[in-house]
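Computed from a predicted structure; not experimentally measured. Only heavy atoms go into these numbers, but all of them, side chains included; no hydrogens, no water, no symmetry mates. Every chain is numbered from 1 and lettered A, B, ... according to where its sequence line falls, protein lines coming before strand lines.
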Protein chains: 2
Amino acid sequence: MKYIEKLRNSGLRPTKQRLQICEVLFDTEKTFHFTINDLANKIKKQLNNKISLATVYNTVHAFEKKGYLKQIPINSNQTYFDTNVSDHHHFYDLKDEKLIDLETSEVGPIKILKQIDGKKIKSVEVLVKLED
Amino acid sequence: MKYIEKLRNSGLRPTKQRLQICEVLFDTEKTFHFTINDLANKIKKQLNNKISLATVYNTVHAFEKKGYLKQIPINSNQTYFDTNVSDHHHFYDLKDEKLIDLETSEVGPIKILKQIDGKKIKSVEVLVKLED
DNA sequence: TTCTAGTTTATAACGATTCTAAAAAAGTGT
DNA sequence: ACACTTTTTTAGAATCGTTATAAACTAGAA
Ligand SMILES: [Mn+2]
Ligand SMILES: [Mn+2]
Ligand SMILES: [Zn+2]
Ligand SMILES: [Zn+2]
């Protein structure tokens with residue numbers, strides 16, 4: 001299995017559950033956005049297999065910490081994650097409540113002209129809200 | 001009271017509670033960021049007066065709908081609001097979990113080179129995450 | 001195999017937010 | 001002032017996403 005090494009190198013034991021979640025998250029043509037609930041449902045359908053919700057939470061947070069997932073800063077009752085961990089931005093369709101990727105190359109260079117003493121910039125993320 | 005008209009013009013009855021919340025939110029030198037809980041505490045201290053938490057929620061949402069407050073897109077267990085309703089951006093200090101304003105004039109012009117069919121851009125918000 | 005630390009699991013707990021329904025207040029007309 | 005309607009406030013309950021718990025299980029090492 002191609003994820004065993006990846007997990008081992010991260011200090012995460014390659015358990016059956018983690019490998020299955022890897023499949024669902026990373027064995028895809030395209031990257032995607034999801035909530036924990038989305039993911040739990042996807043696992044059930046796609047793998048015909050129940051993984052405890054607590055494990056889904058634990059795994060998603062572990063993967064996020066290792067940089068295999070990103071959390072998307074948006075206001076929602078649920079937290080959104082992204083399997084696209086490259087630097088990029090998002091459209092948020094307010095009506096459909098859907099996220100759409102906006103690549104860095106699709107946004108002109110962003111100049112931050114203010115500095116905060118003793119702090120470094122870790123990331124710059126743009127959220128473009130859409131209406132009809 | 002200077003907020004009576006403002007509320008009436010918005011179709012909101014100028015109740016004692018709403019006027020008091022207006023004072024706390026808008027009778028300040030500087031704009032600020034807050035959570036519902038922050039606000040409830042501020043009311044208690046500043047006005048020596050209890051307002052039901054449900055009313056604080058209702059009022060904040062009513063004010064947001066009327067455009068007197070903005071919600072800040074950020075991932076936190078609590079929702080952050082902003083009394084600065086002008087178009088502007090934010091730094092987020094990951095360590096101190098604090099928001100800092102970043103004015104539009106302090107960010108170079110942002111070009112969005114991608115369009116979504118049938119949708120208009122409502123807002124463009126930048127979140128700059130800070131680390132030490 | 002035996003041991004140990006890490007992981008999974010069902011379930012409880014937590015906490016921010018929303019809902020409920022009854023009481024209070026605001027607005028309107030007389 | 002009064003009667004009447006509509007909006008608002010309120011305490012408390014309910015909801016629901018997320019986190020904590022603690023017991024059972026498992027991976028990896030010796
Ligand atoms: Mn989380
Ligand atoms: Mn809200
Ligand atoms: Zn994305
Ligand atoms: Zn602000």
Using a cut-off of less than 4.0 Å, is there contact between a side-chain N or O of B/Y57 and OP1 or OP2 of C/dT18? no
Separation of D/dT8 atom P from B/Q17 atom CD, nearest Å, is 11 Å
The residue, B/A54 or B/R13, whose nearest nucleotide of DNA chain C is more 5′ is B/A54
Original post:
Are B/K42 and B/F32 in a cation-pi setup, meaning NZ or CZ lies under 6.0 angstrom from the ring centre and within 45 degrees of the ring axis?
Top reply: yes
Of the listed D/dA27, C/dT18, D/dT9, the closest approach to the B/H61 side chain comes from C/dT18
Between the CD1 atom in A/I4 and the NZ atom in A/K2, the distance rounded to the nearest 0.5 Å is 12.5 Å
Atom CG of A/L19 and atom P of C/dT8 are separated, to the nearest Å, by 10 Å
Testing C/dA16, C/dG27, D/dT18 for proximity to the side chain of A/T79, the answer is D/dT18
ask   = Is there a side-chain polar atom (N or O) of A/R18 under 4.0 Å from OP1 or OP2 of C/dT7?
value = yes
A/N58 CG to C/dG6 C1', in whole Å, measures 11 Å
Closest to the side chain of A/L12, out of D/dT18, D/dT8, C/dT7, is C/dT7
A/P14 has its side chain closest, among D/dG17, D/dA27, C/dT11, to D/dA27
Here the distance between atom C1' of C/dC14 and atom CG of B/N37, to the nearest Å, is 14 Å
The reported gap from CG in A/N84 to CD in A/E103 (rounded to nearest 0.5 angstrom) is 5.5 Å
The nucleotide from D/dT8, D/dT9, C/dT9 with an atom nearest the side chain of A/S52 is C/dT9
Among C/dA16, C/dC19, C/dT8, the one nearest any side-chain atom of A/T15 is C/dT8
Are any side-chain N or O atoms of B/H61 and backbone N or O atoms of B/T59, one a donor and one an acceptor, separated by less than 3.5 Å? no
> Within the structure, does a side-chain N or O atom of A/T55 lie under 4.0 Å from either OP1 or OP2 of C/dT9?
Replying inline: yes
B/K65 atom NZ is separated from C/dT18 atom P, nearest whole Å, by 11 Å
Taken to the nearest whole Å, CD1/B/I36 to C1'/C/dG15 is 14 Å
Whole-Å distance, B/K16 NZ to C/dA23 P, equals 19 Å
Testing C/dA5, C/dA16, D/dG17 for proximity to the side chain of B/N77, the answer is C/dA16
| task | Kindly confirm or rule out a cation-pi arrangement of A/K122 over B/Y92, judged by NZ or CZ under 6.0 Å from the six-membered ring centre and within 45° of its axis? | result | no
Q. Side-chain N or O of A/R8 less than 4.0 angstrom from OP1 or OP2 on D/dG28?
A. yes
To the nearest angstrom, the CD1-P distance between B/I21 and D/dT9 comes to 7 Å
